[in-house]
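Values in this document were obtained by computation on a predicted structure and should not be read as measured data. Worth knowing before you read on, the calculation uses all heavy atoms, side chains too, and leaves out hydrogens, waters and symmetry mates.
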Amino acid sequence: MSRIAYVSGASSGIGRGAAVRLAADGYRVVLLGRDEKRLAEAAAECGPDAVTAAFDVAGAAEVDAELPGLIERTGAPDVVVHAAGQTVVGALDQLTAEQWHRQLDVNLTSIHSLNRHLWPAMVPAGGSIVLVASTASFAAFPQDAAYVASKGAVLALTKAMALDGAPVGIRVNAVCPGFIRTPNLEGYFDAQPDPAAAAAGAAAAAPIGRMGTPEDVAGAVAFLVSPDAAFVTGTSVLVDGGLLARVPG
């Protein structure tokens with residue numbers, strides 16, 4: 001029987017990279033996201049057994065309507081990757097209530113909405129969950145208040161879920177990407193006064209000397225869900241090219 005991996009935010013970026021890697025590692029991947037066309041394109045890289053489900057994971061009502069039937073059709077997940085995310089640029093005083101809540105709904109509340117269904121399905125056999133946090137879980141960026149708040153919460157939630165999961169055989173960890181070339185990061189650059197300078201600064205920020213790729217993050221995800229990480233839970237893995245290791249100078 002195939003191992004099942006659910007990946008949210010799977011239509012692009014880190015989620016898509018994780019889905020493709022897990023499929024290559026032998027999982028039957030269930031790709032969740034809003035854009036049906038892009039999900040289908042991603043699924044084409046994940047093999048003929050890949051499943052797509054197009055709905056807004058940030059909407060609790062949509063999740064409640066779609067997920068139970070999906071789990072019944074595909075089987076209980078062995079792995080879940082919560083990669084749905086977006087960036088709303090702005091200092092806290094500049095954000096509308098709608099922007100603030102949308103940011104938290106996508107980056108944080110979607111984990112709760114999905115987990116209410118996926119977690120009980122995993123309990124009988126156990127499994128592994130990976131949350132996508134960020135270097136912003138540790139250090140803030142200017143004009144990025146809602147994103148930073150959401151990713152700080154994701155890191156704290158990882159630890160809480162790991163404690164709840166340990167007695168039932170569910171491991172929960174986080175990956176914390178730095179500057180990763182994704183459509184979401186491109187949107188952040190585009191919102192800056194000088195997008196080209198922002199992109200160049202991001203590439204130069206890591207000691208490794210480049211921005212990361214979704215495949216870089218997918219490698220860390222693959223490790224965390226593997227038997228090699230059987231004694232790893234409640235922690236995070238920085239995938240940032242050494243960004244947070246360096247004192248700014």
Side-chain angles (χ1 to χ4, degrees), residues 8-9 11-18 34 56-58 81-112 130-160 173-218 220-221 235-249:
S8 71
S11 62
S12 67
I14 290 170
R16 182 170 181 163
R34 289 183 295 169
D56 187 358
V57 298
V81 180
H82 290 282
Q86 70 176 69
T87 300
V88 176
V89 177
L92 188 60
D93 62 291
Q94 299 169 343
L95 298 173
T96 66
E98 181 181 3
Q99 289 174 317
W100 171 263
H101 288 295
R102 180 61 186 174
Q103 179 75 104
L104 267 66
D105 284 348
V106 174
N107 291 9
L108 181 63
T109 306
S110 67
I111 299 171
H112 169 259
V130 177
L131 280 58
V132 177
S134 171
T135 50
S137 302
F138 301 93
F141 299 99
Q143 298 291 311
D144 212 12
Y147 181 83
V148 170
S150 68
K151 291 302 185 178
V154 168
L155 191 58
L157 181 60
T158 300
K159 298 173 184 178
N173 294 288
V175 288
C176 298
F179 291 113
I180 308 297
R181 276 285 188 187
T182 65
N184 191 44
L185 183 62
E186 295 294 343
Y188 175 77
F189 292 151
D190 290 342
Q192 305 308 308
D194 187 339
I208 283 182
R210 66 172 175 86
M211 280 187 269
T213 67
E215 291 74 22
D216 290 323
V217 183
V221 171
T235 193
S236 59
V237 176
L238 281 166
V239 189
D240 69 347
L243 178 67
L244 293 188
R246 180 163 60 188
V247 175

Distance (rounded to the nearest 0.5 Å) between Leu108 CG and His82 NE2: 11.0 Å
Polar side-chain atom of Arg210 near backbone of Gly241 as donor-acceptor pair, under 3.5 Å: no
Lys151 with Asp144: basic N within carboxylate O range, under 4.0 Å: no
Reported CD1-to-CZ distance for the pair Ile14 and Arg16, which is rounded to 0.5 angstrom: 14.0 Å
Heavy-atom donor-acceptor pair, Gln103 side chain to Val88 backbone, under 3.5 Å: yes
Ser8 (side chain) donor-acceptor with Ala84 (main chain) under 3.5 angstrom: yes
Side chains of Pro214 and Thr182 in contact at under 4.5 Å (non-hydrogen atoms): yes
Where Gln143 and Ala91 come nearest, the two heavy atoms and their spacing: OE1-N, 3.5 Å
Distance (rounded to the nearest 0.5 Å) between Gln99 CD and Leu104 CG: 12.5 Å
Residue pair Tyr147 / Val89, side-chain heavy-atom distance below 4.5 Å: no
Atom pair CG/OG of Leu244 and Ser137 - distance to nearest 0.5 Å: 9.5 Å
Identified side-chain contact (heavy atoms from CB on, under 4.5 Å) partner of Val132 from the options Ile180, Val175, Val154, Asn107: Val175
Distance, nearest 0.5 Å, that separates CG of Leu155 from OG of Ser150: 11.5 Å
Shortest non-hydrogen contact from Arg102 toward Asp56: NH1-OD2, 3.1 Å
Inter-residue atom distance Asp105.CG - Glu98.CD, 0.5 Å rounding: 10.5 Å
Closest non-hydrogen atom pair, Ser236 against Phe138: OG-CZ, 3.7 Å
Shortest non-hydrogen separation from Asp240 to Ala206 and the atoms involved: O-CB, 3.6 Å
Smallest separation among heavy atoms of Ala146 and Leu95, with atom names: CB-CD1, 3.7 Å
Residues Phe179, Thr135; criterion side-chain contact (heavy atoms from CB on, under 4.5 Å); working and verdict: CA-CA 9 Å; Phe179 291 113; Thr135 50; over 6 Å; no
N/O donor-acceptor pair under 3.5 Å between Asn173 side chain and Thr158 backbone: no
